[in-house]
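Everything on this sheet refers to the single structure shown next.
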Amino acid sequence: MKRKGLTLIMIIALLSTACLTARKQGSETEYNEHLNAAIKYFQQENYFLARLELNQALRINSKSVRANNLMGLTYFKEGNYDSAEIYFQRAIRIDPGYATGYLNLGAIYAMRELYPKAREYYEKAISISPDLTAGYYSLATICFQLNDKEQGLNYLKKGLELNPNYLEEHPEALAGLPMRGSALTDLYFNFARVFASRGEVERAVQYLKKAQENGFKNWKLIEEEPEFAAIRDNPLIREFLK
């Protein structure tokens, strides 16, 4: 029995040594192989296998901002915000100028309905990267949550200026976000306002319908808001005023 016990201890010791050796011998090529495999699994929504690959990548390079951020995203996608926060915080500690890390932390706090803190992190993200389109859309959403509608509209205009197709390209941007009271209807109506100001009737109608589906009723604003002036008499717009 003693010999079996000693054999087991030796096997464990050898395995531990092998792991340590592999960690020391990890190359940039191996790191990239694990990271690329993780990205592939992440895109397939297989977050468990993605994390296995990311653990291997982080054993080789524990200070990889990309690997830490992606690890956080795997947990975020599963709704494990505590674990996601750990890795996003780690990413910005490694690189305080990593705008995406602040953006992702903002999303964590938004999902927890800690809106002032979310706003703080989103604002930090765009201060680092002024062309970060997602930051402006995210800030617009948070401002409507906080009933700061005019600032929300300004952020929305900036986001649309950078990429008017962002929400069509990223439909998940609003999915699952807890919205208080009339925040979601206000957000959709203000999307319509911005598209109206650009003369884009069809897209304005698209968001007016979204606002309507979510309970928006204050249609007299179409008559009052200056952004609708150029398209107010369009039959598609008049439908909402009946």
Side-chain angles (χ1 to χ4, degrees), residues 39 42-43 65-66 69-70 72-73 76-77 84 88 91-92 95-111 114-179 182-211 214 216 221-222 225-231 237:
I39 292 169
F42 182 85
Q43 291 169 340
V65 171
R66 289 185 68 196
N69 183 65
L70 187 56
L73 286 172
F76 183 87
K77 288 289 189 177
F88 293 150
I92 64 170
D95 180 4
Y98 184 55
T100 300
Y102 294 96
L103 186 71
N104 290 335
L105 281 164
I108 290 281
Y109 302 127
M111 295 304 293
L114 300 173
Y115 299 124
K117 195 167 185 178
R119 183 175 185 169
E120 176 187 337
Y121 276 89
Y122 286 143
E123 288 176 342
K124 178 69 174 178
I126 63 169
S127 72
I128 294 170
S129 181
D131 292 333
L132 188 61
T133 304
Y136 293 99
Y137 282 96
S138 299
L139 269 167
T141 302
I142 292 302
C143 286
F144 283 109
Q145 297 277 31
L146 295 170
N147 203 34
D148 187 356
K149 296 180 183 179
E150 286 310 305
Q151 188 60 60
L153 184 63
N154 290 335
Y155 284 130
L156 195 55
K157 287 177 178 177
K158 180 62 177 179
L160 286 165
E161 179 186 318
L162 290 169
N163 183 356
N165 300 312
Y166 180 81
L167 284 184
E168 283 74 15
E169 295 168 358
H170 303 276
E172 76 285 355
L174 294 178
L177 187 65
M179 304 288 278
S182 64
L184 184 59
T185 59
D186 287 342
L187 181 64
Y188 283 138
F189 181 79
N190 280 279
F191 269 111
R193 276 178 72 186
V194 176
F195 284 120
S197 71
R198 297 159 63 97
E200 298 184 40
V201 176
E202 290 185 3
R203 297 187 77 181
V205 168
Q206 175 189 347
Y207 282 96
L208 287 174
K209 285 181 177 177
K210 286 179 181 292
N214 285 275
F216 188 82
L221 288 176
I222 292 176
E225 298 293 356
E227 290 87 357
F228 286 97
I231 67 170
I237 300 297

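Residues: numbered from 1 along the sequence shown.
Shown here is Arg198, whose CZ atom has more than 12 heavy atoms of other residues, nucleotides or ligands within 6.0 Å.
Residues Ala196 and Ala204 come closest through the heavy atom pair N-CB, 4.0 Å. In plain terms, the two heavy atoms of Ile142 and Tyr122 that are nearest each other are CG1-CE1, 3.5 Å. Taking every heavy atom of both residues into account, Gly106 and Ala118 meet most closely at O-CB, 3.4 Å. The nearest pair of heavy atoms linking Phe228 to Leu221 is CD1-O, 4.4 Å. Shortest non-hydrogen contact noted between Ala140 and Gly152 is CB-O, 3.5 Å. A pairwise comparison of heavy atoms in Leu132 and Ala99 identifies CD2-CB, 4.2 Å as the closest pair.
Distance check, rounded to the nearest 0.5 Å: CG of Asn147 to CZ of Phe144 gives 9.5 Å. Here Tyr188 contributes atom OH and Leu184 contributes atom CG; the two are 4.5 Å apart, rounded to the nearest 0.5 Å. Distance CZ/Arg203 to CG/Leu208: 13.0 Å, rounded to 0.5 Å. Going from atom CG of Asn104 over to atom CZ of Phe76 covers 7.5 Å, rounded to the nearest 0.5 Å. Expressed to the nearest 0.5 Å, how far OG of Ser129 lies from NZ of Lys124 amounts to 12.5 Å. The OG atom of Ser127 sits 8.5 Å away from the OH atom of Tyr102 when rounded to the nearest 0.5 Å.
Between the Asn69 side chain and the Val65 main chain, no donor and acceptor come within less than 3.5 Å of each other. Put simply, the side chain of Ser138 gets close to the backbone of Ala134: a donor and an acceptor are under 3.5 Å apart. A donor-acceptor pair is defined here as one N or O able to donate and one able to accept, closer than 3.5 Å; such a pair exists between the side chain of Tyr136 and the backbone of Pro130.
Separation of the Phe195 and Tyr207 ring centroids falls under the 6.0 Å cut-off. Side-chain rings of Tyr121 and Tyr109 approach one another, their centers coming within less than 6.0 Å.
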Check against side chain to side chain contact (heavy atoms under 4.5 Å, CB included), Glu227 and Leu153: CA-CA 12 Å; Glu227 290 87 357; Leu153 184 63; 4.0 Å; yes

Asp186/Phe191 under side chain to side chain contact (heavy atoms under 4.5 Å, CB included): CA gap, chis, key distance, verdict: CA-CA 9 Å; Asp186 287 342; Phe191 269 111; over 6 Å; no

Lys149 vs Cys143, side chain to side chain contact (heavy atoms under 4.5 Å, CB included): CA-CA, chis, key distance, verdict: CA-CA 6 Å; Lys149 296 180 183 179; Cys143 286; over 6 Å; no

Trace of the side chain to side chain contact (heavy atoms under 4.5 Å, CB included) decision for Glu200 with Gln206: CA-CA 10 Å; Glu200 298 184 40; Gln206 175 189 347; over 6 Å; no

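Every residue was checked against the side chain to side chain donor-acceptor pair (under 3.5 Å) condition with Lys209, not counting sequence neighbours, and none meets it.
At least one side-chain heavy atom of Tyr155 sits less than 4.5 Å from a side-chain heavy atom of Ile126. Counting heavy atoms from C-beta on, the side chains of Asn163 and Glu169 come closer than 4.5 Å. Side-chain atoms of Asp148 and Arg119, non-hydrogen and from C-beta on, do get closer than 4.5 Å to each other. Between Ile128 and Glu123, the closest side-chain pair of non-hydrogen atoms is not below 4.5 Å.
Taking a cutoff of 4.0 Å between a charged side-chain nitrogen and a carboxylate oxygen, Glu161 and Lys157 do not qualify as a salt bridge. A salt bridge does not link Lys117 to Glu120: none of the charged side-chain nitrogens sits closer than 4.0 Å to a carboxylate oxygen.
Side-chain N/O atoms of Arg193 and Asn190 include a donor and acceptor closer than 3.5 Å.
By the 30° and 60° cut-offs, the orientation of the rings of Tyr137 relative to Tyr166 is parallel.
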